[in-house]
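A quick write-up on the structure given underneath.
For this chain, numbers begin at 1 and follow the sequence in order. Being a predicted model, the structure only gives us computed values, none of them experimental. All ligand and atom numbering here is 1-based and tracks the order in the structure.
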Amino acid sequence: MKEIRPINWTGSRLELLDQTRLPHEQVTVNISDYRVAAAAITDMRVRGAPAIGVTAAYAMVLAAAELQSRERAGSQIAAARPTAVNLGWAVRRMLRVAEAEPDPGSILPKLEAEARRIQAEDEEINRRIGEHGRVLMPQDGEGVLTHCNTGALATSAFGTALGVIRAGWEKGGRFRVYNTETRPWLQGARLTSWEFQQLGIPATLIADSAAGMMMLNGDISCVITGADRIAANGDTANKIGTYALSVLAHENGIPFYIAAPTSTVDLSVTDGSGIKIEERPQHEVTAYGGMPVAPSGTVAYNPAFDVTPNRYITAIVTEAAVCRPPFDDSLRRAVDAA
Ligand SMILES: CSC[C@H]1O[C@H](OP(=O)(O)O)[C@H](O)[C@@H]1O
């Protein structure tokens with residue numbers, strides 16, 4: 001099976017698999033301007049916390065090649081989307097490499113090497129998350145539910161929460177996989193269902209609103225999602241709808257897992273109240289594919305994320321360890337160990 005890798009650096013250009021065109025078309029966009037790379041993040045041609053971090057790193061290389069002010073370019077790139085910590089994390093990491101290089105002529109190759117390192121590290125980290133998390137997958141015949149898209153398309157390769165499901169399956173687990181459609185942007189229906197088909201893992205797509213009934217009926221034995229920013233106390237920002245799933249899981253006595261690299265943990269944020277939630281355009285709710293689904297003039301509110309309080313999270317699977325409450329301690333230990 002050919003690994004899905006949505007981000008490719010050619011040495012001078014960034015090639016992105018345009019996720020607004022999946023699953024019906026596989027279109028690659030070629031980018032040689034950091035501003036276009038930032039716009040691709042905002043427009044979600046590339047999306048997913050780790051994937052936008054890797055894209056930001058290469059956008060910083062493009063800015064350096066243009067001899068643009070790295071600080072100004074970095075600010076513009078980091079502002080492309082506000083919630084995922086990986087964007088700012090990647091920009092800051094690239095700026096540190098440039099600042100540490102005394103020879104101006106060596107900065108560009110050093111930045112390119114660092115971006116490639118970030119991309120390679122991400123895939124390795126995801127495989128380690130999968131190895132740590134696969135033991136949490138349900139028994140054969142029982143169900144695991146995942147939300148949004150946390151697979152290779154959301155990362156450099158392999159994925160986080162979807163990677164845990166993949167790791168469990170590839171080790172012989174034969175549990176039932178369910179994924180939500182994830183309105184309004186449909187990352188689940190358009191991207192996760194496509195990825196599971198590429199992986200040869202049978203998965204059943206459900207409407208977001210069907211998750212509660214399925215938990216009540218015993219069809220779901222655990223829930224696993226990704227994350228965009230994890231506060232020091234374990235409160236987690238993730239795709240809108242995650243909080244509702246966590247409350248339903250808690251109510252039904254079902255474990256609720258988060259899978260994320262330690263780079264998604266933001267120890268500078270004490271709790272979830274400090275996480276900025278991106279609000280996206282109304283048309284993503286009132287229309288789909290350019291076709292209105294609501295009457296003209298309908299006003300919509302479109303928060304792209306919500307915050308799941310740590311009390312509803314059973315464990316946070318990272319590449320360093322499976323972190324359990326109290327998260328203030330276990331997350332810090334994982335970050336230090338990573
Ligand atoms: C592996 S992190 C994926 C994370 O990103 C998604 O958000 P978006 O599609 O808006 O970038 C969602 O929150 C996923 O859990």
Side-chain angles (χ1 to χ4, degrees), residues 4-7 16-20 22 38 40-56 80-87 89-90 119 122-123 125-130 133 145-166 179-192 194-195 208 223-230 235-246 256-266 272 275-281 284-285 302-308 313 316-319:
I4 301 165
R5 289 187 171 86
I7 304 164
L16 299 176
L17 178 58
D18 185 344
Q19 299 187 34
T20 65
L22 287 172
I41 293 170
T42 300
D43 298 342
M44 296 176 67
R45 296 187 190 284
V46 59
R47 33 68 47 206
I52 62 180
V54 172
T55 301
R81 292 184 76 189
T83 304
V85 67
N86 310 61
L87 205 46
W89 168 85
Q119 184 173 25
D122 181 60
E123 178 169 350
I125 284 167
N126 296 336
R127 291 179 183 277
R128 285 161 53 193
I129 291 170
L145 174 68
T146 194
H147 186 57
C148 195
N149 173 257
T150 59
L153 291 172
T155 66
S156 290
F158 199 81
T160 57
L162 195 153
V164 169
I165 293 171
R166 173 179 173 180
N179 62 289
T180 60
E181 59 180 345
T182 318
R183 285 247 343 130
W185 210 80
L186 300 181
Q187 290 93 331
R190 295 191 306 108
L191 307 179
T192 297
W194 182 78
E195 281 205 55
D208 298 319
V223 180
I224 188 164
T225 78
D228 290 79
R229 192 182 296 254
I230 301 172
D235 292 351
T236 296
N238 194 55
K239 184 50 50 198
I240 190 74
T242 303
Y243 168 57
L245 291 174
S246 76
F256 187 89
Y257 302 120
I258 299 285
T262 53
S263 59
T264 303
V265 179
D266 184 354
I275 300 175
K276 180 171 173 49
I277 299 298
E278 176 185 15
E279 189 174 336
R280 292 192 61 84
E284 292 182 354
V285 178
N302 185 14
F305 301 97
D306 56 28
V307 174
T308 296
I313 300 172
I316 299 175
V317 186
T318 74
E319 72 279 18

Query raised in the report: Is there a donor in the side chain of H147 and an acceptor in the side chain of T225, or the other way round, less than 3.5 Å apart?
Result: no

Report task. Provide the number and element of each atom of ligand 1 under 4.0 Å from a heavy atom of A49. Result -> 2 (S), 3 (C), 5 (O)

Report summary line: ligand 1 atoms nearer than 4.0 angstrom to some heavy atom of P50 are 1 (C), 2 (S)

Requested in this report: Return the residue, atom name and 0.1 Å-rounded distance of the protein heavy atom closest to atom 3 (C) of ligand 1.
Outcome: N149 O, 3.5 Å

Query raised in the report: Counting only N and O atoms by type, is there a donor-acceptor contact under 3.5 Å from the side chain of R190 to the main-chain atoms of W185?
Result: yes

Query raised in the report: Short list, please: which atoms of ligand 1 are under 4.0 Å from a heavy atom of Q187?
Result: 8 (P), 9 (O), 10 (O)

Query raised in the report: With atoms numbered from 1 as shown, which atoms in ligand 1 lie under 4.0 angstrom from a non-hydrogen atom of C148?
Result: 6 (C), 12 (C), 14 (C)

Query raised in the report: Given that the side chain starts at C-beta and the backbone is N, CA, C, O, which of these parts of A304 lies under 4.0 Å from ligand 1, counting heavy atoms, or is it both or neither?
Result: neither

Report task. Return yes if some donor-acceptor pair links the side-chain N/O of R183 with the main-chain N/O of V285 below 3.5 Å, else return no. Result -> yes

Report task. Taking all non-hydrogen atoms of both residues into account, name the closest pair between S156 and Q119 and its distance. Result -> OG-O, 3.1 Å

Query raised in the report: So, does S246 use its side chain to make a donor-acceptor pair with the main chain of T308 at under 3.5 Å?
Result: no

Query raised in the report: Considering only protein heavy atoms, which is closest to atom 14 (C) of ligand 1, and at what distance to one decimal place?
Result: N238 OD1, 3.5 Å

**Report entry** Heavy-atom pair of closest approach, residues R45 and D18
**Finding:** NH1-OD2, 2.7 Å

Report summary line: Contact region, M44 to ligand 1, non-hydrogen atoms below 4.0 Å, reads side chain

Query raised in the report: Counting both backbone and side chain atoms, is some N or O of T160 under 3.5 Å from an N or O of ligand 1?
Result: no

Report summary line: Closest heavy-atom pair, R47 versus I52, reported as atoms and distance to 0.1 Å, is CA-CG2, 3.7 Å

Requested in this report: Consider every N or O of T150 and every N or O of ligand 1, then say whether any pair is closer than 3.5 Å.
Outcome: no

Query raised in the report: Just one of N179, N149, T150 clears the side-chain hydrogen bond (donor to acceptor under 3.5 Å, both in side chains) bar with E195, so which one?
Result: N149

**Report entry** T242 contact mode with ligand 1 (heavy-atom cut-off under 4.0 Å)
**Finding:** neither

Query - Ligand-residue contact atoms, ligand 1 with A154, heavy atoms, under 4.0 Å - result: 1 (C), 3 (C)

Query raised in the report: Would you say ligand 1 has an N or O under 3.5 Å from any N or O of G48?
Result: yes

Requested in this report: Could you establish whether A260 and ligand 1 come within less than 4.0 Å of each other, counting only heavy atoms on the residue side?
Outcome: no

Query raised in the report: Taking D228 for the side chain and A84 for the main chain, is one N or O donor matched with an acceptor at less than 3.5 Å?
Result: no

Requested in this report: Determine, considering heavy atoms only, which of I240, T146, D228, N86 sits nearest to atom 4 (C) of ligand 1.
Outcome: D228

Query raised in the report: Is the shortest N/O to N/O distance between K239 and ligand 1 below 3.5 Å?
Result: yes

Query raised in the report: Between the main-chain N or O of C148 and the side-chain N or O of T182, is there a donor-acceptor pair closer than 3.5 Å?
Result: yes

Query raised in the report: If you measure from each non-hydrogen atom of W185 to ligand 1, which part falls under 4.0 Å: side chain, backbone, both or neither?
Result: neither

Requested in this report: For R81 and ligand 1, answer yes if some heavy atom of the residue is under 4.0 Å from a ligand atom, otherwise no.
Outcome: yes

Report task. Applying side-chain contact (heavy atoms from CB on, under 4.5 Å), name anything that partners S263, two or more places apart in sequence or on another chain. Result -> N86, W89, P261

